[in-house]
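First the proteins, then the strands, lettered A, B, ... as listed; each starts at 1.
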Protein chains: 2
Amino acid sequence: MSPRWRSNGNTESVDNYLKAIFYLGGLEECRVSIKALAERLCVAPASVTNMLQKLAASPAPLVEYERHRGVQLSAAGKRRALEVVRHHRLIETFLYRVLDYPIEEVHEEAERLEHFISERFEERIAAKLGHPTIDPHGHSIPTMEGKMATRESILLADVVEDGTFVIESVSDRDAQNLRLLEACGIVPGARMQVSKSASLEGYSVRIGRSSKVFALSCEVALDIRIVRPTK
Amino acid sequence: MSPRWRSNGNTESVDNYLKAIFYLGGLEECRVSIKALAERLCVAPASVTNMLQKLAASPAPLVEYERHRGVQLSAAGKRRALEVVRHHRLIETFLYRVLDYPIEEVHEEAERLEHFISERFEERIAAKLGHPTIDPHGHSIPTMEGKMATRESILLADVVEDGTFVIESVSDRDAQNLRLLEACGIVPGARMQVSKSASLEGYSVRIGRSSKVFALSCEVALDIRIVRPTK
DNA sequence: GCCTAAAATTAGGTATAGCTAAATTGAGTA
DNA sequence: TACTCAATTTAGCTATACCTAATTTTAGGC
Ligand SMILES: [Mn+2]
Ligand SMILES: [Mn+2]
Ligand SMILES: [Mn+2]
Ligand SMILES: [Mn+2]
């Protein structure tokens, strides 16, 4: 058997390349370097070059690739990347809300299953969840049509003056962290009073009306995105 | 990338070979021929020989294979086969009961996902469903420890005299059929009055207290297993 | 404009899991 | 016992997707 083919003719590996290009390209959809892709995907640069050449040479290419000049998603590639992201985030939401997964376990399971669920499965969990727009980490879930809401937010690590903020999202990449953050009440939507602690290199935060104060390292502050309160 | 490795070190393909040997070996766990496996798995006989040689040569073999004498599962192979069957049937039950899948769509989705869910996922859906023992087709779900209840049942096609029976299970392999059978009320647990229709080659059946009578072909009667009513 | 080093590419090789076609084996029949 | 043929095995090939090592290219510093 060759690797399993998804409905649209992609393999799991191809999906993961598309997602990585989408992520690394950012909102401005910049060209992405081979090196950055290799690091993100934990494969050798030569493997990336190989895959991109194959993808770009196909009759309906998912990527635009030029030798030595990096790679961008084509319209079709972006569409597919957004579909996989939708799968990922819907699955995470489902695992968290319906199957009562601990928050730190949803990402790994979603990372696998996102490639193997059918459109029917996608549709059924979306319906079961009431067509959610935000996943348990606070990330936007793209619509079925491939539109994703963008919200303006900043890294907690970029905060320069003390103040009150609302937590927009937390990174899904470090399971350990995630467990701790949730235990502190640092979850999307929570209100947080932040003071930059000059002595310690980091932040003290107070969540909601709680009197407890938590110390966050600069490291951890890179995993938290915040917005100004609407009021 | 090589094909995806499951937690226990198997690939999807290996899992499918184990399941096929388990199924074709029957309750008596007979040796299974290469030809039968090739047909069931829709691959060439040479591919089967290849795979079995590799499986049998591994340090902790999942199968016992002798040249020209067919193949049987080892204890480890049987354990794994039962685990995959458990995944399959739990997933089917979950899709049917929680995600409201139409009965004829559960099998195909389960056939794929059975290889990719984690032990956590298995545990969570089992809990959500109240640790079910029967799937929507009426098949026994093996326990976490790898025990599967066996019930005595016969094919409707083997019925020689008219009578009243309880439907034990219906085959999950023909989606079209399944849709029709469910529409007629021919579902596991239903009580069914059967008369062998000598003129037509087939059966007339009446479900429960209904006055409607359905005609079933001998073909379809091969897809239905029944037991005598307990009372 | 040249030199160097990092980035990218090419070359050559691995494993999985398929395939076809050719050779072999062994079970049942004459 | 010998023959025949279906089942099985072997040999040689393909595709995906990874690897390392060697080579080439580009871009920055001078
Ligand atoms: Mn993934
Ligand atoms: Mn997420
Ligand atoms: Mn399967
Ligand atoms: Mn079933």
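Here the nucleotide nearest the side chain of A:Ser33, chosen from D:dC18, C:dA8, D:dT8, is C:dA8. Here the side chain of B:Ile34 is nearest to one of C:dT9, D:dT9, C:dT20, namely D:dT9. Which of D:dC18, C:dT25, C:dT20 sits closest to the side chain of B:His68 comes down to C:dT25. Counting only heavy atoms from C-beta on, B:Thr49 has its side chain closest to D:dT9 among C:dG18, D:dT9, C:dA8.
In this structure, the CD atom of B:Gln53 is 14 Å from the P atom of C:dT16, given to the nearest Å. One atom, NZ of A:Lys35, and another, P of C:dA5, lie 16 Å apart when rounded to the nearest Å. Atom CG of A:Asn50 and atom C1' of C:dT10 are 9 Å apart (whole Å). When rounded to the nearest whole Å, the span between CG of B:Leu52 and P of C:dT16 equals 15 Å. Residue B:Lys54 contributes atom NZ, which lies 15 Å from atom C1' of D:dT10 at whole-angstrom precision. Between the C1' atom of D:dA15 and the CZ atom of A:Arg4 lies a distance of 17 Å, rounded to the nearest Å. Rounded to a whole Å, the CZ atom of A:Arg69 is 10 Å from the C1' atom of D:dT26. The distance from atom CD of B:Glu12 to atom C1' of D:dT16 is 14 Å, rounded to the nearest whole Å.
With respect to B:Arg86 and B:Glu83, no salt bridge is recorded, no charged nitrogen being found less than 4.0 Å from a carboxylate O. For A:Glu12 and B:Arg4, the salt-bridge test passes: some basic side-chain N is under 4.0 Å from an acidic carboxylate O.
A sub-4.0 Å separation between OP1 or OP2 of C:dT10 and a side-chain N or O of A:Arg67 is present. Remark: A:Tyr17 is not in phosphate contact with D:dT16, judged by side-chain N or O atoms under 4.0 Å from OP1 or OP2. Residue A:Tyr65 places at least one side-chain N or O closer than 4.0 Å to OP1 or OP2 of C:dT9. Proximity of A:Ser47 to the phosphate of D:dC19: a side-chain N or O atom is located under 4.0 Å from OP1 or OP2. The phosphate of D:dC18 (OP1 or OP2) has a side-chain N or O of A:Ser13 nearer than 4.0 angstrom.
Checking side-chain atoms of B:Arg79 against main-chain N and O of B:Gly146 turns up no donor-acceptor pair under 3.5 Å.
Of the listed residues (A:Glu111, A:Arg80, A:Arg40), just one forms a side chain to side chain contact (heavy atoms under 4.5 Å, CB included) with A:Lys19, and that residue is A:Glu111.
Counting only heavy atoms from C-beta outward, the side chains of A:Leu37 and A:Leu52 approach each other to under 4.5 Å.
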